[in-house]
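Because only heavy atoms are used, hydrogens play no part in the values below, and waters and symmetry mates are left out as well, while side chains stay in. Just so it is clear, the structure is predicted and the values come from calculations on it, not from any experiment.
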Amino acid sequence: MEIIESLKELLGWDDPPAIPLDQRRRNAKAAIEAWLRTQTTTQYGLPPDRFAERLRTLVDSPHELRQGQYGWCLPTAFLQSVLRRFPDLVAQFGLDLYARGEGSLGDIEVTLTDAFRAFDYPGFIRSDAALPQRNRDLYLASHADWILLGAVQDATTLYPMTGSPRDPVSFSTSTLADLFDDCGLYEDVTTLSSTDKRNRQKLIEALEKSRTQDILLVGEMTRFGVDATIRHAVRLVAPPTFAAPAGGGTPTDQEAMTFQFWSWGFQPSAAEGLPFDAAQNAFTHSLTRRQFASLEIIVAEPKPI
């Protein structure tokens, strides 16, 4: 990031010109191909060609990033947001992690522990008798995702990197906001105040930014777990729609908000009561405006770099 700041000063730019997303994807895939010609040693129990294949998929289809077996929804919500904006930086991060066990994502620097690098992820997944076969296959297919997310998770120190994935975990919204702040790839990161969340106009204005910025929601979501105290982090896919409560009249806190959020890469295996968009791996859900205001809301504005 220091190079970018020096270039701005030298050329008198307020901001350097942004690299188009298509170009970022081409750059990412070129880096993957160049890396694959030199990387011959298998790491993490995952052959280089399979790691590269999965990275290519994530570059083209960031909505396919999978959280997997561990309670890593916080780093997943962060990484999927960055992957959508800066696929070349995420790809290089992954290539460095695989080859050296360390890498940088913007200003976040990670060195994976020897225990993580030696962990038999495929063996662990195959030995978990409680896993349905469908889940096992998905987790094994997203071995590369586990490496990327484990590295981001390591930067938060919130959850064990290996071992039992069923231990409960709690996290604060500030931890997620800090990831966006610390990576240096975002111009501004704000957490919507309780007052602004209850103000209909300010709430609408904030959520409309999901068209160009990353909006993250954090809160108790019982749909994804039997324990109502479990908190989850998700990314808002598009601005919500509003519907007046039954009976008409002036909208109140009971006004219905219907919103779409990214589902951590997993499609429902059966009808689960929520509409699902397979193209975005996103669920649609409805809450009253009062209920929605109980969620924490992070607004992250990416830098034009």
Side-chain angles (χ1 to χ4, degrees), residues 1-8 10-11 13 15-66 68 75-76 78-112 117 121 140-152 154-155 179-180 182-187 212-214 235 262 265 279-281 300 302-305:
M1 301 307 293
E2 292 180 2
I3 296 175
I4 292 175
E5 295 303 318
S6 299
L7 184 61
K8 288 167 62 176
L10 177 65
L11 298 179
W13 288 336
D15 285 298
I19 301 174
L21 181 57
D22 285 348
Q23 183 62 52
R24 287 191 179 277
R25 287 177 174 153
R26 287 193 293 271
N27 292 348
K29 286 183 277 192
I32 293 169
E33 297 310 314
W35 174 88
L36 195 54
R37 289 193 291 270
T38 62
Q39 182 67 41
T40 58
T41 305
T42 292
Q43 304 281 10
Y44 307 98
L46 180 65
D49 59 334
R50 287 179 52 198
F51 181 77
E53 180 182 5
R54 181 62 181 168
L55 269 190
R56 291 189 203 99
T57 296
L58 295 179
V59 164
D60 284 332
S61 305
H63 60 275
E64 292 193 23
L65 180 71
R66 295 194 183 106
T76 306
F78 164 75
L79 186 63
Q80 203 265 345
S81 298
V82 178
L83 185 59
R84 293 173 61 244
R85 308 287 182 184
F86 309 104
D88 49 342
L89 302 187
V90 175
Q92 190 61 55
F93 179 54
L95 299 175
D96 291 341
L97 288 171
Y98 186 100
R100 307 197 318 268
E102 59 184 37
S104 299
L105 185 55
D107 292 335
I108 296 176
E109 298 181 357
V110 176
T111 299
L112 293 173
R117 299 182 72 182
Y121 176 80
L140 290 173
S142 54
H143 189 163
D145 308 38
W146 173 78
I147 297 170
L148 292 169
L149 291 168
V152 177
D154 190 47
L179 278 174
F180 283 96
D182 294 345
C183 74
L185 302 174
Y186 286 79
E187 196 77 56
T212 57
Q213 302 182 20
D214 292 313
R235 180 182 62 80
W262 180 66
Q280 290 291 331
N281 275 340
K303 289 182 177 179
I305 57 176

- Task: For Glu187 and Pro304, work out which heavy atoms get closest and say how close.
- Result: OE1-CD, 3.7 Å
- Any sub-3.5 Å donor-acceptor pair from Asp214's side-chain atoms to Ala300's backbone N or O? no
- Provide the full list of side chain to side chain donor-acceptor pair (under 3.5 Å) pairs with a residue in residues 32-53, sequence neighbours left out, each pair given once. Glu33-Arg56
- Any residue meeting ring-ring contact (aromatic ring centres under 6.0 Å, His included) with Phe180, in chain and number order, not counting sequence neighbours: Phe78, Tyr186
- Query: Is there a side-chain contact between Pro87 and Lys29 (heavy atoms, below 4.5 Å)?
  - Reply: no
- Of all heavy-atom pairs between Val110 and Ala155, which one has the smallest distance, and what is that distance? CG2-CB, 4.4 Å
- Item | Sub-4.5 Å side-chain heavy-atom contact between Phe93 and Leu83 | no
- Item | Listed partners of Ser61 passing side-chain contact (heavy atoms from CB on, under 4.5 Å), at least two apart | His63, Glu64
- State the CG-CG distance between Leu65 and Asn281, to the nearest 0.5 angstrom. 10.0 Å
- Are Pro302 and Gln213 side-chain neighbours, meaning at least one heavy-atom pair lies under 4.5 Å? yes
- Message: Side chains of Tyr98 and Leu55, heavy atoms from C-beta outward: is any pair under 4.5 Å?
- Response: no
- Query: Got Leu112 and Leu97 here, is their nearest side-chain heavy-atom distance under 4.5 Å?
  - Reply: yes
- Query: Does Glu102 have any salt bridge (charged side-chain N to carboxylate O under 4.0 Å, His left out) partners at least two apart in sequence or in another chain, and if so, which?
  - Reply: Arg100
- Query: For Asp88, what residues pass the side-chain contact (heavy atoms from CB on, under 4.5 Å) criterion, not counting sequence neighbours?
  - Reply: Arg24, Asn27, Ala28, Phe86
- Locate the shortest heavy-atom distance separating Ala144 from Arg54; write the atom from each residue and the value. CB-CG, 3.5 Å
- Item | Within-4.5 Å side-chain heavy-atom neighbours: Leu58 and Leu148 | yes
- Query: Going by heavy atoms in the side chains, are Leu36 and Phe51 under 4.5 Å from each other?
  - Reply: no
- Task: Please name all residues satisfying salt bridge (charged side-chain N to carboxylate O under 4.0 Å, His left out) with Arg25, sequence neighbours left out, ordered by chain then number.
- Result: none
- Would you indicate whether the side-chain heavy atoms of Ile305 and Leu185 approach each other to under 4.5 Å? yes
- Indicate the atoms forming the closest heavy-atom contact of Gln92 with Ala31, along with that distance. OE1-CB, 4.0 Å
- Between CG on residue Leu89 and CG on residue Leu105, distance to nearest 0.5 Å: 7.0 Å
